[in-house]
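Take a look at the structure below.
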Amino acid sequence: MNFDKPVSRQQTGCDKWDNMKHIFGTSDALPMWVADMDFESPPSVIEALRQRVEHGVFGYTMQTDEYKQSIVDWMKQRHGWEIEPDWIVFCPGVVPALTFAVQAFTRAGDKVVIQPPVYPPFHSVVEDQGRELVLNPLKYENGRYSLDLEGLEQILNNGPIKMLILCSPHNPVGRVWEHEELEALIQLCARHDVLIVSDEIHADLVYAKNTHTPLAKLSGDAASRSIICTAPSKTFNIAGLNTSNIIIPDPDIRSAYQKTLEIYHVGTISALGSAATQAAYTGGGEWLDELLNYLQGNIDYALDYITKHMPEIKAYRPEATYLLWLDFRELGMTKNELSDFLLTKAKLALNKGTAFGVGGEGFMRMNIACPKDMVVEAMNRLDAAMQEWRSSSKKK
């Protein structure tokens with residue numbers, strides 16, 4: 001696969017490129033914000049979609065046995081997790097899946113824990129439904145993030161918590177949680193009867209020497225109190241097809257969740273989403289391996305460049321995802337000054353760290369899932385802006 005090949009996404013209704021003017025107020029920037037990739041999807045996916053389009057009929061579509069088996073096989077082959085086809089519940093996306101989980105298992109006023117800085121919808125899916133958001137911020141020590149399990153224990157001891165929404169692997173900090181961390185988390189939640197909804201959408205985008213562990217794989221306790229949210233969208237760059245697969249081992253939890261989906265009539269997969277997902281999971285493995293090598297190269301280039309040329313910026317090496325979590329706090333800028341600096345001086349459209357909640361101020365998120373030439377250009381732009389900043393700082 002030629003990941004260096006440029007693919008123009010302009011004038012395709014692309015959120016990252018075509019919506020930049022509306023979001024950032026300019027079209028004169030490199031869009032490295034929305035978490036999708038500027039690469040073509042795997043050949044197996046494109047061919048399956050071509051065949052499906054040529055069929056010409058796009059009526060109501062069911063989740064076939066073959067569709068579910070492709071997910072079962074993928075989980076076993078890539079993650080060593082043996083699941084049953086009946087555990088799989090379709091949802092049009094992981095964020096809707098989180099929303100429906102909050103609706104199904106909590107009531108107005110119930111408390112839900114999240115661990116910021118974290119993907120912004122984690123906040124809104126709780127607060128927008130009248131639930132009480134409880135923050136258990138990650139610990140940041142010596143350039144590495146970890147779960148604050150002591151802080152979580154205090155939270156659980158201080159009052160009833162209904163649910164914890166876990167990001168695994170974590171967006172934006174890129175951590176792959178270790179067995180010991182997850183086991184300790186499960187023990188705490190089991191002791192206090194807390195349901196865990198685990199967003200594992202980045203599970204396949206894990207780099208060498210790191211291993212993602214599906215939460216429900218850990219133990220019977222884990223399986224009996226968890227909802228695992230998966231999707232092919234990030235892995236194979238098919239987010240626009242609105243397909244996710246929610247894996248729920250416990251039959252009672254699964255039944256309650258399905259009843260909520262039925263209320264909103266969102267359980268029907270699209271013909272193209274079904275074809276793309278099955279083709280991705282049955283024929284996309286080799287493509288994914290090549291992708292991970294390419295992304296690792298982009299990460300290495302960006303981090304090496306920042307270390308050598310812009311030491312004021314601290315860059316955390318992600319263990320997973322294609323997102324860099326960049327620490328600009330040494331520049332001493334306010335959040336508005338930092339955003340303006342990056343947009344007007346560096347001409348880069350990045351995600352504001354403050355959008356990810358507590359612990360995000362002074363940080364920005366950069367998406368490097370693009371041809372390397374774009375990463376090189378981004379580093380050059382950022383370097384030039386930093387040189388200008390140093391020069392102006394000396395004059396003050």
Side-chain angles (χ1 to χ4, degrees), residues 35-37 42 70-83 87-88 94 97-98 114-115 117-119 122 138 144-147 149 164-187 189 196-219 221-223 225-239 243-249 277 280-281 284-296 299 316-325 365 367-369:
D36 67 6
M37 299 187 279
S70 72
I71 301 164
V72 171
D73 292 343
W74 183 265
M75 290 299 164
K76 183 176 181 179
Q77 294 162 6
R78 302 296 293 205
H79 303 292
W81 185 27
E82 297 194 18
I83 68 172
W87 297 0
I88 300 168
V94 167
L98 300 178
I114 65 171
Q115 297 163 315
V118 72
Y119 184 45
F122 277 36
L138 300 178
R144 182 175 172 82
Y145 285 90
S146 62
L147 298 174
L149 295 169
L164 182 146
I165 306 179
L166 177 69
C167 199
S168 178
H170 195 279
N171 171 17
V173 310
R175 268 300 313 277
V176 176
W177 306 120
E178 297 171 356
H179 271 78
E180 293 77 14
E181 293 173 292
L182 294 175
E183 286 171 352
L185 178 69
I186 285 293
Q187 289 173 9
C189 290
I196 305 175
V197 181
S198 185
D199 174 357
E200 304 191 7
I201 198 170
H202 290 101
D204 298 317
L205 298 166
V206 174
Y207 301 108
K209 299 181 181 179
N210 300 287
T211 302
H212 169 74
T213 302
L215 186 71
K217 176 187 171 184
L218 279 170
S219 65
D221 266 345
R225 64 177 59 258
S226 61
I227 294 173
I228 311 301
C229 300
T230 76
S233 53
K234 303 297 183 187
T235 308
F236 302 106
N237 205 29
I238 55 174
T243 299
S244 69
N245 300 290
I246 314 308
I247 303 174
I248 310 176
T277 298
Y281 284 140
E286 184 177 347
W287 178 92
L288 175 59
D289 292 337
E290 293 179 14
L291 170 71
L292 289 170
N293 287 332
Y294 191 89
L295 293 176
Q296 186 67 73
I299 291 170
Y316 175 78
R317 178 175 290 279
E319 298 166 351
T321 81
Y322 44 72
L323 308 167
L324 296 184
W325 186 235
R365 193 188 76 171
N367 178 355
I368 54 79

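This one's a predicted model, so the numbers in the text were calculated from it and none came from an experiment.
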| Between Asn245 (side chain) and Ile88 (backbone), is there a donor-acceptor pair under 3.5 Å? | no

| field | Closest non-hydrogen atom pair, Ile248 against Ser226 | value | CG2-O, 4.2 Å

| query | With a 4.5 Å limit on heavy-atom distance, are the side chains of Asn171 and Leu323 in contact? | reply | yes

| task | For residues Trp325 and Arg365, determine if any side-chain heavy atom of one lies less than 4.5 Å from a side-chain heavy atom of the other. | result | yes

| query | What class does the angle between the rings of Tyr281 and Trp74 fall in, given that below 30° is parallel, 30 to 60° is tilted and above 60° is perpendicular? | reply | tilted

| request: Might you point out which heavy atoms bring Val94 and Ser244 nearest each other, and give the distance in Å? | output: N-OG, 3.8 Å

| said: For Thr243 and Ile238: C-alpha separation, side-chain torsions, deciding distance, then whether side-chain contact (heavy atoms from CB on, under 4.5 Å) applies. | reply: CA-CA 8 Å; Thr243 299; Ile238 55 174; 5.9 Å; no

| note | Closest non-hydrogen atoms of Pro42 and Gly284, given as atom of the first, atom of the second and distance, are CB-CA, 4.5 Å

| said: Please report the interatomic distance NZ(Lys234) to CD1(Ile201), rounded to the nearest 0.5 Å. | reply: 5.0 Å

| said: Under the criterion side-chain contact (heavy atoms from CB on, under 4.5 Å), I'd like the reasoning laid out for Tyr207 against Leu295: C-alpha separation, chi angles, the key distance, then a yes or no. | reply: CA-CA 9 Å; Tyr207 301 108; Leu295 293 176; 3.5 Å; yes

| said: For the backbone of Cys167 and the side chain of Trp177, can you confirm whether one donor and one acceptor N or O come within less than 3.5 Å of each other? | reply: yes

| request: Return the minimal non-hydrogen interatomic distance between Val173 and Pro117, and the atom names on each side. | output: CG1-CG, 4.2 Å

| message | For His212 and Ser168: C-alpha separation, side-chain torsions, deciding distance, then whether side-chain contact (heavy atoms from CB on, under 4.5 Å) applies. | response | CA-CA 8 Å; His212 169 74; Ser168 178; 3.6 Å; yes

| query | Is the side chain of Asp221 donor-acceptor paired with the backbone N or O of Gln187 at a distance under 3.5 Å, no angle test? | reply | no

| said: In the structure I gave you, are the side-chain heavy atoms of Val197 and Cys229 within less than 4.5 Å of one another anywhere? | reply: yes

| query | Roughly how far, to the nearest 0.5 Å, is the CG atom of Leu182 from the SG atom of Cys189? | reply | 10.5 Å

| request: Report yes if some heavy atom in the side chain of Val206 is under 4.5 Å from a heavy atom in the side chain of Thr211; otherwise report no. | output: no

| message | Are the side chains of Leu166 and Asp199 in contact, using a 4.5 Å heavy-atom criterion? | response | no

| task | Without swapping roles, check the side chain of Tyr322 against the backbone of Gln296 for a donor-acceptor pair under 3.5 Å. | result | no

| request: Determine yes or no for a side-chain-to-main-chain donor-acceptor pair under 3.5 angstrom, with Glu319 supplying the side chain and Pro169 the backbone. | output: no

| field | Distance (rounded to the nearest 0.5 Å) between Leu138 CG and Arg175 CZ | value | 9.0 Å

| remark: Residues Trp87 and Pro249: closest non-hydrogen pair is CD2-CA, 3.7 Å

| query | When rounded to the nearest 0.5 angstrom, what distance separates OG1 in Thr230 from CD1 in Ile71? | reply | 6.5 Å

| request: Please round to the nearest 0.5 Å and tell me the distance separating atom CG of Leu185 and atom CD of Glu180. | output: 13.0 Å

| Approximate separation, where rounding is to 0.5 Å, of Met37 CE and Leu291 CG | 5.0 Å

| request: Output, in order, the C-alpha distance, side-chain angles, deciding distance and verdict of salt bridge (charged side-chain N to carboxylate O under 4.0 Å, His left out) for Glu178 and Arg144. | output: CA-CA 13 Å; Glu178 297 171 356; Arg144 182 175 172 82; 3.3 Å; yes

| request: Please step through side-chain contact (heavy atoms from CB on, under 4.5 Å) for the pair Thr321 and Leu205, ending with a clear verdict. | output: CA-CA 5 Å; Thr321 81; Leu205 298 166; 5.5 Å; no

| note | Scanning both residues in full, the closest heavy-atom pair of Ile299 with Pro318 reads CD1-CG, 3.8 Å

| message | Between Asp204 and His79, does the side chain to side chain donor-acceptor pair (under 3.5 Å) criterion hold? Intermediate values first, please. | response | CA-CA 9 Å; Asp204 298 317; His79 303 292; 2.8 Å; yes

